[in-house]
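So the structure is just underneath, and the comments pick up after that.
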Amino acid sequence: MYTLVAMARHASSLNSVVIGFALLSFTCATCQSPGMNASNVPPAAPASGSTVGPQSPPVPADSIPYLPAQSEAQQRRDFPTSTFTFAFDTPDTSTPGGNLSGLFVNNNQGLATLPGAGVGQNLVSLAPCAVNQPHVHPRGTEISHITQGELLFGFIEENPNQAGTVGGRFINATLTAGQTVIVPQGLIHFAQNLQCEPAQFIASFPTSDPGTVSVAEAFFTKLPLATLRATLGIEDAVIQAIVAKVGSVSQANPSVDLTCLANCGMTDPITYYLNNPSGNTANGY
């Protein structure tokens, strides 16, 4: 009995010690060192990524410059009204075979202000027996309207996905003034005057920059000789003769079929051109 009473008194004393220690710890956690008060307590270290020092006040909204994107109409106001009319009076290309007069973004910056991809045109005047050589427009379908004479138009479809076939089909038609032909974007095509009278057409595009790749010039004058030899299977001397002819002045686009011209009883166009350098060859010889 005495033992139990003693143990109870001992446990009570131990609890008092524990409670007292806890109170002392709480008090010391909130106490201040001598000479230290709320005004000189050092600030806690800033959190990672925060900025130390005074912060700049926010910029007033009315002081931020307003830079609105110009609408197409606003952009067009930067151009004179004459930008939106075109006379085709200065050919981009003039040869014995005819003239090419383009209306594209490279010679009329106002076309860049039109909706979407814009539009473009090319007025093509062909002398008798002349051809607008095979070429490709990589960025635009062509819609051509014949305004004078008679012309053979043709284009080649893409390669069919069929075994045993070589190349796409050839589509062609002979058109006269007042008729229109459509050439899909990216296909090889040409326009040829097989008659003894001049011809003319205007090609329109749903883009201000359809681009042009001249097939014969690109193939024969740009590719390496080894590539041409492997592709054509003919001797180097023959290839080099073709390359020289394709790159000559007489074959500049538009060029002329001399056999056709002889059948029409007309002068060699190069001779005519040299004797009449200021003449408009597209109006005949």
Side-chain angles (χ1 to χ4, degrees), residues 65-127 130-151 153 155 173 175-193 197-215 217-218 252-255 277-284:
Y66 179 57
L67 300 174
Q70 282 191 321
S71 68
E72 291 171 349
Q74 289 172 319
Q75 294 175 33
R76 285 192 286 273
R77 293 192 190 100
D78 294 334
F79 293 88
T81 56
S82 59
T83 300
F84 304 100
T85 60
F86 205 77
F88 293 108
D89 52 1
T90 304
D92 300 310
T93 302
S94 183
T95 74
N99 300 325
L100 303 179
S101 304
L103 170 59
F104 300 115
V105 72
N106 61 310
N107 60 6
N108 189 321
Q109 295 296 310
L111 297 182
T113 68
L114 300 179
V119 294
Q121 284 190 324
N122 194 15
L123 180 64
V124 181
S125 302
L126 294 178
V131 61
N132 187 24
Q133 297 176 6
H135 58 282
V136 170
H137 299 298
R139 293 182 294 279
T141 291
E142 176 181 325
I143 303 176
S144 289
H145 183 76
I146 292 78
T147 58
Q148 178 186 359
E150 180 179 294
L151 290 164
F153 274 84
F155 65 87
L175 305 176
T176 57
Q179 294 184 300
T180 295
V181 62
I182 298 175
V183 180
Q185 174 179 336
L187 298 186
I188 297 174
H189 63 284
F190 68 91
Q192 187 167 10
N193 182 5
E197 299 294 332
Q200 186 180 79
F201 69 96
I202 187 162
S204 299
F205 303 88
T207 171
S208 62
D209 185 24
T212 300
V213 179
S214 298
V215 175
E217 179 185 11
N253 187 53
S255 55
S278 61
N280 184 354
T281 59
N283 289 328

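Computed from a prediction, not measured in an experiment: that's the story for all the values here.
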Tell me the closest heavy-atom pair linking [X] and [Y], and the distance in Å.
| X | Y | answer |
| --- | --- | --- |
| Ser208 | Pro210 | C-CD, 3.7 Å |
| Gly110 | Thr83 | CA-CG2, 3.6 Å |
| Asn193 | Ala127 | ND2-O, 3.1 Å |
| Gly97 | Ala130 | O-CB, 3.1 Å |
| Leu114 | Arg76 | CA-NH1, 4.1 Å |

| note | Taken in chain and number order and not counting sequence neighbours, the residues that satisfy side chain to side chain contact (heavy atoms under 4.5 Å, CB included) with Gln179 are Leu175, Thr176
| message | Just to verify, what does Gln75 make a side chain to side chain contact (heavy atoms under 4.5 Å, CB included) with, not counting sequence neighbours? | response | Gln70, Thr113
Please examine the side chains of [Y] and [X], heavy atoms only from C-beta on, and report whether any two atoms are closer than 4.5 Å.
| X | Y | value |
| --- | --- | --- |
| Phe155 | Phe190 | no |
| Phe104 | Asp92 | no |
| Phe201 | Leu151 | yes |
| His135 | Ile188 | no |
| Asn108 | Phe86 | yes |
| Leu100 | Asn122 | yes |
| Leu111 | Leu103 | yes |
| Pro138 | Gln185 | no |

| message | Under the side chain to side chain contact (heavy atoms under 4.5 Å, CB included) test against Glu142, which residue among Ile182, Val181, Val183 passes? | response | Val183
| Side chains of Ser255 and Gln133: do they bring a donor and an acceptor to under 3.5 Å? | yes
| field | Side chains of Asn132 and Asn253, donor plus acceptor under 3.5 Å | value | yes
Under 3.5 Å: donor-acceptor pair, side chain of [X], backbone of [Y]:
| X | Y | result |
| --- | --- | --- |
| Ser94 | Pro91 | no |
| Asn107 | Gly102 | yes |
| Thr180 | His145 | no |
| Gln74 | Ser71 | yes |

| said: If you apply the rule side chain to side chain contact (heavy atoms under 4.5 Å, CB included), what do you find for Asp209 with Asn106, and how did you get there? | reply: CA-CA 8 Å; Asp209 185 24; Asn106 61 310; 6.0 Å; no
| Using the ring of each side chain (for Trp, its six-membered ring), is His189 parallel, tilted or perpendicular to His137, with breaks at 30° and 60°? | tilted
Out of curiosity, [X] [atom1] to [Y] [atom2], how far, rounded to the nearest 0.5 Å?
| X | Y | atom1 | atom2 | result |
| --- | --- | --- | --- | --- |
| Leu123 | Ser125 | CG | OG | 4.5 Å |
| Glu197 | Glu150 | CD | CD | 11.5 Å |
| Thr93 | Asn99 | OG1 | CG | 8.5 Å |

| said: Determine whether Phe205 and Gln121 satisfy the following criterion, side chain to side chain contact (heavy atoms under 4.5 Å, CB included), listing intermediate values before the conclusion. | reply: CA-CA 6 Å; Phe205 303 88; Gln121 284 190 324; 5.8 Å; no
